[in-house]
Amino acid sequence: MKIMLACNAGMSTSMVVVKMQEAAASQGKKYKIWAVDVNSVEDELGKFDVLLIGPQIQYKLKTMKKLVDDKVPVSIINPVSYGTCNGAEILSQAEKMFEDFRKEK
């Protein structure tokens, strides 16, 4: 699975990415996980299976959903998990989004 995170500048989310990568590796999962600033999401279209948005830019949710045109699931990262850099919980959130999205299609 390819999981992309978006935030204001891609900086704070980079710490979350590291924790998610560590959680995936400890579970034997070979996911591609990376972060970009919200203005770069359009450049990444077609390269990710799940888009998670940092809670600080939750106001961009509708814009991001429209941008991906219902081709991938999009959601806000759980604020508590984000604030505590709980990579395992955020990884689980992304996996559930992906599975639920596939069931709908």
(Q) What I want to check is whether the side chains of Q21 and Y31 have a donor and an acceptor closer together than 3.5 Å. (A) no

Q: Give a yes-or-no answer on whether the side chains of D37 and S40 include a donor-acceptor pair shorter than 3.5 Å.
A: yes

Q) If we only count heavy atoms from C-beta on, is the Q56 to N8 side-chain gap below 4.5 Å? A) yes

Q | side chain to side chain contact (heavy atoms under 4.5 Å, CB included) assessment of V72 paired with F98 | A | CA-CA 8 Å; V72 297; F98 185 70; over 6 Å; no

With a 4.5 Å cut-off on side-chain heavy-atom distances among I, L, V, M, F, W and Y, is there a chain of contacts connecting [X] to [Y]?
{"X": "M4", "Y": "F101", "result": "no"}
{"X": "V36", "Y": "L61", "result": "yes"}
{"X": "I57", "Y": "V16", "result": "no"}

(Q) Taking K96 first and then E99, would you say they form a salt bridge - that is, a charged N and a carboxylate O separated by under 4.0 Å? (A) no

Can you tell me how far apart [atom1] ([X]) and [atom2] ([Y]) are? Round to the nearest 0.5 Å.
{"X": "Y82", "Y": "L5", "atom1": "OH", "atom2": "CG", "value": "8.0 Å"}
{"X": "F48", "Y": "I33", "atom1": "CZ", "atom2": "CD1", "value": "14.5 Å"}
{"X": "E95", "Y": "D100", "atom1": "CD", "atom2": "CG", "value": "11.5 Å"}
{"X": "C7", "Y": "M15", "atom1": "SG", "atom2": "CE", "value": "9.5 Å"}
{"X": "K65", "Y": "L51", "atom1": "NZ", "atom2": "CG", "value": "10.5 Å"}

How close do [X] and [Y] get, heavy atom to heavy atom, and via which atoms?
{"X": "A94", "Y": "L52", "answer": "CB-CD1, 3.9 Å"}
{"X": "K2", "Y": "W34", "answer": "CB-CZ3, 3.9 Å"}
{"X": "V74", "Y": "M64", "answer": "CG1-CB, 4.1 Å"}
{"X": "P55", "Y": "I76", "answer": "CA-CG2, 3.8 Å"}
{"X": "I3", "Y": "M20", "answer": "CG2-CE, 4.0 Å"}

Q.
Run the side chain to side chain contact (heavy atoms under 4.5 Å, CB included) test on K60 and V41 for me, step by step, so that the C-alpha distance in whole Å, both residues' side-chain angles and the decisive distance to 0.1 Å come before the verdict.
A. CA-CA 11 Å; K60 291 278 196 177; V41 172; over 6 Å; no

Q.
As a quick check of understanding, evaluate side chain to side chain contact (heavy atoms under 4.5 Å, CB included) for I53 and Q58, giving each step before the final call.
A. CA-CA 7 Å; I53 301 170; Q58 62 184 335; 5.8 Å; no

Q: Please report the C-alpha distance between V50 and M1 in whole Å, then the side-chain angles of each, then the deciding distance to 0.1 Å, and finally whether the side chain to side chain contact (heavy atoms under 4.5 Å, CB included) criterion is met.
A: CA-CA 8 Å; V50 173; M1 184 174 14; 3.7 Å; yes

Output a table of donor-acceptor pairs, distance under 3.5 Å, between side-chain atoms of residues 83-91 and any protein atom two or more places apart or on a different chain; print 'none' if there are none.
from, atom 1, to, atom 2, distance (Å)
T84, OG1, V80, O, 2.9
T84, OG1, S81, O, 3.4
N86, OD1, A88, N, 3.3
N86, OD1, E89, N, 3.0
N86, ND2, E89, OE2, 3.2
E89, OE1, S81, OG, 2.7

